[in-house]
Structure formats: structure tokens, C-alpha cells
There are 2 protein chains.
Amino acid sequence: MTVGMRHDDLRRRNRAMVIAAARRGGQASRTEIAAITGLSHSTISAISSDLIAERILTETRQEAPALKRGRPQVGLALDPQAACAVTLMLSLNSLSATSLDYAGNLLEEEHRRLDTRALPRDELIGECMDILRRRLEHPAHAGRQVLRIVLAVQGITDAEARSMLWSPITPHTDIPFADLLEASFSIAVTVENDCNMMAEALRWRDPERYRDDFIAILLSHGIGMGLVLKGSMFTGTHSSGVEFGHMVHRPDGALCRCGRRGCIEAYAGSYAIWRNATGHDENEEPRGDIEETEMQALAQAARDHDGPERRAFRIAGEALGFGLGSLFALIDPAPVAMVGLNAAAFDLIGPALREAIARTAGGHHSGSITFDTQPDQVALLREGCAMRALTFIDHRIFAAGRAAQGEPAPLHSSLIA
Amino acid sequence: MTVGMRHDDLRRRNRAMVIAAARRGGQASRTEIAAITGLSHSTISAISSDLIAERILTETRQEAPALKRGRPQVGLALDPQAACAVTLMLSLNSLSATSLDYAGNLLEEEHRRLDTRALPRDELIGECMDILRRRLEHPAHAGRQVLRIVLAVQGITDAEARSMLWSPITPHTDIPFADLLEASFSIAVTVENDCNMMAEALRWRDPERYRDDFIAILLSHGIGMGLVLKGSMFTGTHSSGVEFGHMVHRPDGALCRCGRRGCIEAYAGSYAIWRNATGHDENEEPRGDIEETEMQALAQAARDHDGPERRAFRIAGEALGFGLGSLFALIDPAPVAMVGLNAAAFDLIGPALREAIARTAGGHHSGSITFDTQPDQVALLREGCAMRALTFIDHRIFAAGRAAQGEPAPLHSSLIA
DNA sequence: CACACTTTTTTCGCGGCTCGAAAAAAAGCC
DNA sequence: GGCTTTTTTTCGAGCCGCGAAAAAAGTGTG
């Protein structure tokens, strides 16, 4: 509330709403948009025809044959030709990238395996540069302008989404990816936390269930979280925040990958489950990487008989439950989606988790806590990045208008900000 | 972003900014406001003259003699006659109330002692009704209209600020104070959490230090928290939220007043410190109330010699430290203000607290964690309530305009919402 | 003490925005 | 084919913020 509102801010916001309605899909008609936004039909009509003239939206025949009388509604949809976005996803030993048109259709993609932990800093950056360059030079774009690049990384990013501050996938820290990529390609870039992107994807996948308040928990080698509160992504004040895995479960407890003790992750990460299931001491240095099959074998053993494996998953559930309980003391309960490899073992984790939550403040009104497993972590991440990139174009570039007026538009000055 | 922006929303927001500038004090001139808001001088001039005509603002001679050349700036200040606000503060065994003019000056106040824990539900409500009625009938208002009532309670309120859901001061729950008071007095009411109001007060007292991100922790019989993130009060999704005292410190640990185990409060509340200092078992039922002098005696004993008292304060510090560490894993570190009785014992609590934080994720970048003690809990609460009530009038009523145009204005319809 | 100078505040006309009402368009119904 | 219904566009009106210019209210100077 520091800065005043000028007249064009108004138009910008209302344009953004029309674009957002089209982005939500369902071929919203002008009349529907007017009803949703509360704006007058004239306003929506004016904005729509502007957007169509600027080749941002297109009219689509309503596919439903419209049994009703009266002039049929004309659906508004995003013009796929309006722009492109590129997403980069950097994970442990894996770098992938996609190109998308403005409507969100996948144009093409590439996946590379590389040893991220061993790679020197320059080469890690170089790999990202190269895969991005190959996207930009790819013929699939067919003349469309790439207006936005999103790079999602495992680990902590800064609040301005410009740098990777720390990541488990590499020993290198504070890599200013956004600055580096923008300097080379002159296209606006943001660097995002992978769990936040997964949460973003859930909003688009199931807007009924995941709308204003919900939690995405990544159960894999480490524990991550994406948190949406009151309709917007919750981030830290300086960093991408919400390092749920490093909330303290047991003071001075088990040794965590981060070097500290007692973190939730030190009980619920893959390495912690493995450590407990295989009879290793909880103070033992965490293993670097664990094969998916190995975790599946542990889960199967836990399902087969009551033994250390079952106990290990129970301990994981307990740590997650108490952690969620503490979180819910702060934000009130909300639906939870479990994502990632170990979400497949939620049958082993869930009971102890629920039991632990019930013993905390969060268990008070546990009605609104529902758990749901989303196994396809990779697809979720890709979708989230795509939507983040596209909605950025919606809001920052197309809502502002006066840029895509046919001409190439000044890339360096206006699009990077 | 669901609802579109109309034309008058624009004016409303810009009016609100001018009022806010006056509320911040310093007799801001039109020129300064134009600079701060980024709006043009003409706009600020138009809005100011409207607000002066509506008797919301007044011009004040700049008291500084203005050594500069040129036409001297004319300060804008709130017109104390524009409205009134009433605050009610309900705490353990205490009910107090104040009347304020629109500029925030105290008109008069009343304080009552009553046995809140023993009082039947109706009588508790009745006491609030009565003290409010006495305020409204008090001659000090001198014809000014009371436009807002804020009731702050210890305990949990709902997210809409209409009901007290639970409180340690009474066995009764779910009391819809806002509905009850509005039905009787036809003045808009909100019900707020006391710690949130203390945080609100800190923003006004020391805006340099406590601005966008900070934490107020109430150290008294229980442990409370008010949290400001990214410039706005952080609340739960359903309740006033941020029940920091009931985050889990040690799973299945000490018995808490809330009936659960291992909460931070069960180690750091007055009753917990007393329990540990006097050699009682940590599973023992918490004492209901502890005199201020008794806690001071424990603190003195802890300062005098190394014994169970010192250990009790250290345990409290440790619990708070690990709790803050977990919190900082979620939101990143921020300045902390310690408020309330046991803030006076921060010399005993602080070292263990810092040590514990250093062992958590929050200790990573501990640079931005500063601790500060604010002993005058009562004054802080009163200030916070006052500012909450007055800024509500600023935003919801005066920024909207077209209401206080001389006439009494339709109370029932427009002011309650 | 008059006049120049400086800074703040107001005035005025312009362009842009949204709105409501009415008109136009595009169907189905009989 | 004409009537009805619903959607969309058009048109004039009313507000609002802006920039430029004017007015206002002081200080400095000779």
C-alpha cells in the first residue's frame, strides 16, 4: 500500500483478469467473464477486442452445441502463437527442459543425465546455458518469441527468484542463474524452488481441492514443501522458504544431511528411512543417494513383516506428523498432497503420521486435513514450471499491453524486470 | 484477484493512502504525500481538499519554522473530531476499555477486575456489554460518532475476527462477541487476538525496526505470538493462528495447559518454569495462575545461584530457541520483540535461546535475528487495539467517502460489514 | 518596503477508463 | 419468415489522474 494507483493500473488489472479467465480454460465467454469479475459487459467487450487485436486471445467456437436459444456465447481462448515459454528443471543428476506455446502445449523437450554433484560450478552453469540455447534455436518455436524462462531447482532460492542459494544436488552455492541467463539470452528468467512449482501445478490440476490453502510435501531423498496460503504461494522473507524438512523434530536428535541434528528430514528422508531400516545408527553420516528400487524393496519388506523396515517408515510418519502438527499450530489445518518417491509408501507412513498429528495442536480440528498422494513428481514439476512461466507472461507482459503491437518490441529494456 | 477493479476503487485506494500518510504523523504535506505515493500533485491536492471538506483531515501549521525559502508546506493531520473508537481488552481476571478520538488521543478509560474463570458465560458477555455501554454513554465523546469497536482477547479468535473460539481465561468457547455487540450497539466490531494487537502496536512505535517482517512473543503464563510478514499481519486460515506456544518441542514431552504434551508452552510458560524450578514433575497438572512476584522471586533466585531455578529458565530458553528455529526454517529469520512478564527475565532465557537457535536451520543466517524486550505489555496491547480500530475507520469508512457528508449517515446498513 | 526568487498548492483542459442503456447480432422457436 | 432470447457491441456520460500553467505564500535583497 505504499504506492498510489494510476489510471492505467486499473486497465492492467482488468486485462489481467480477462487473460486469467482464458488461462483457466473452459472457453469462458465475455458474459461469463463479466459475471465473474463483476465488471460491466462493455468493459469486458472492450478489453476482449483489444486482446484479440493484439493477438493474445482468439475466439473459439463453443464446442458444446448450445441447446439454448439466443445468440450463442463465443469462447475466448489463449492464442497459442502469442508467445513461448521455456522451462528448465535441475534436479539431482538430471537436467531437463521444455518449450511451450502460449496456450501451454508442449512443443518439444530434452532430458540430460549428468553428475550434478561432481560437476564444477562453471560446467553446471554451462549445461544449463547449453540446454537453454538448444531450446531457443529449436525450429519448433516457429517464429514465436520466447518471453519467459523458469528454472526450477531442488533447494533454496532467494525471495526475488534470481539465485539458487543452496542445493543438495551440488556443493556450489549462491549461483545467480537469473542474472547469468538473462545476460546471455536477454529473456526474463526466474529461479524457483521445485516444491513451490509442484504446489503451483496442483492448483491447475485440481482447482476444486487445491485452491486457497493447501500443502504439497515432497517425500524423497530429502523432504520439501510447497505451501499455498490464502490463495498465494507462501515464501520466506529472504528465501524461497518453507524448509519444512528442517524444522526440529527432536532437539539434538538424528544427524541430518544439512549437518544439524533432529530435523524432520533426518527421520523421514529416504536416507533416514534407509538408515533406520537397515540398523544403522541415527548419528551416522547420511548416504548420498539411494536407488528407487532400494526404497521400494524396503517398503515391500515393511509391508511383508513387522521389523526394522516397518519401524523405519513409522518413525518417518511420526516425524512428519509432529512437524505437520507444529505447522498447523501456525497456519491451521489444510489439505495435504504427498508427492515423490516415498509418497508411494504412504500406506506405511500415514497411520503413524495421523496418530502423531492427533497428539498435537493441529489435530484439534482435523476435519480439513485430507491426504492425497500424487505419484508423478516429474510431471507435476514440469506443469508447475510451465504455469509459472505462462502466468508471468500473462501478468507482466500481456496485461501491461502496448508491447506486442505487431513489432518485435524492445526485448532488453522492457521484458527483463 | 477474483474481482475486477472499478473506477471508484481507484479513488478509494488513493484516498486511503492520503489518510494513511496523515495517520503516520509528521504532519505530512501535500508535496511529501505526492512524492511518497507517486501520484501527481493535482491528484493529492484534490483528494486533500475533499478530505478537509469532509472534516476528516485538518491543515496544521508546520511547527518547524521552515528556514527554507518558498511557500511553506502545510501539514495535514487527522481531525480529532472526525470520529471515535472504543477498545475493549479482556484478559485473565481483567477487563479494560478505552475511548479514543480519531487522532488517537485517549479520551477516557475504565478498568475492572473480575474472576473471568469463574464467571458464567452470560455474565462474562454482560460485563463486556456493560463496560462498552458506559463508554458509549460517557460525555467525553462530545457528540463524536463511535465508528469502530475492537475487542482483544487472550486466546484464539476466528479468521474473520468475529468470535472468540477458545481462551485460557474462561472455560467458555465460541463466543460470537462481534455479533452480540453489533446487535446491541449497531457499531462495527472485530474480535482480535491480543498478541496480534501487540505486534500491531510495535509497528507504530518503532516503524524503523518493526516494519515488514518481525515477531512479537508474549512470555507470560502462556506463550503467544504476533507475526508480521511482508508488511501484513499473519493469521491462520481459519483462526487468528500462529499458536507458537503449541508447536511441538519434544514429542510426548511435558504436560501442557492445553492437555497435550511437549508443547513449547509446557516448557516456557510461567507455569512450566515454576514447575521445573520447584522440582515438580513435568507431567504434573499446570497451576492455574502464578503471581507476578512469585515469578520475579524465581528469576532472582536463578540470578543468585546455579540451581533448579536457573535450570528452569534455561529449559524455557531452549524450548523457545528450538521453536524459533523451526519457525525460521519456514519464514526466514526476523527481528523478535519479547513482551510480557517473563520478558523481564530474558537475561536468564536469552543465552539458552540463542544457543538452541544456532543449532537449527534458523541459525544459518542469524544476522537478522535481534532480540528486544518490551516490558509494558498492557500499554502495548492498548496501543495496538487503538491503531487497529482507527485504521479500520481510515480504510473502510473514510476512504470510501460519501458517508460522513455532514449527516448522521446510515449506521446499520453501511457501517457494519 | 518593493521586488525578485523559490517552493507549495490550486486550477484547468485533456485523455483514458468504466458504466448503463440502447442497438446490433446471432442464434432457436413456431 | 417473423418472433423471442441471449450475447455482444456501440455510444454518450461521468470520474479520475495528469501535465502545464497559474496562483499563493513565504524568504532574500537592495
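What's counted below: heavy atoms across the whole structure, side chains too, no hydrogens, waters or symmetry copies. Proteins come first, then strands; the chains are lettered A, B, ... in the order of their sequence lines, and each starts at number 1.
- The one candidate from B:Arg13, B:Arg148, B:Arg23 that meets the salt bridge (Lys or Arg N to Asp or Glu O under 4.0 Å) condition with B:Asp394 is B:Arg23.
- Here D:dT9 presents its C1' atom at 12 Å from CD1 of A:Ile52, a figure rounded to the nearest Å.
- Within the 4.0 Å cut-off from OP1 or OP2 of C:dT10, at least one side-chain nitrogen or oxygen of B:Arg30 is found.
- Within the structure, a side-chain polar atom (N or O) of A:Ser45 is placed less than 4.0 Å from OP1 or OP2 of D:dT9.
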Assign a letter to each nucleotide of nucleotides 17-23 of chain D from its 5' end: B, base within under 4.0 Å of a protein heavy atom; S, sugar-phosphate only; -, no contact.
-> SBBB--B
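- Between the C1' atom of D:dC15 and the CZ atom of B:Arg13 lies a distance of 18 Å, rounded to the nearest Å.
- B:Glu200 pairs in a salt bridge (Lys or Arg N to Asp or Glu O under 4.0 Å) with only one of the listed residues (B:Arg388, B:Arg205, B:Arg382), which is B:Arg388.
- Counting to the nearest Å, the P atom of D:dT8 and the CG atom of A:Asp50 are 16 Å from each other.
- As rounded to whole Å, 15 Å separates atom C1' of D:dT4 from atom NZ of A:Lys68.
- The distance from atom CG of A:Asp9 to atom P of D:dC16 is 16 Å, rounded to the nearest whole Å.
- Separating the CD atom of A:Gln27 from the P atom of D:dT7 is a distance of 16 Å, rounded to the nearest angstrom.
- Under the salt bridge (Lys or Arg N to Asp or Glu O under 4.0 Å) test applied with A:Asp50, the options A:Arg12, A:Arg11, A:Arg55 reduce to a single match, A:Arg11.
- Looking only at side-chain heavy atoms (C-beta outward), A:Val191 and A:Arg162 stay at 4.5 Å or farther from each other.
- Taking 4.5 Å as the limit, some side-chain heavy atom of A:His7 sits within range of a side-chain heavy atom of B:His7.
- With hydrogens and angles ignored, a donor-acceptor pair closer than 3.5 Å exists between the side chain of B:Arg69 and the base of C:dC5.
- Using a 4.5 Å heavy-atom cutoff, the side chains of A:His141 and A:Ser99 are in contact.
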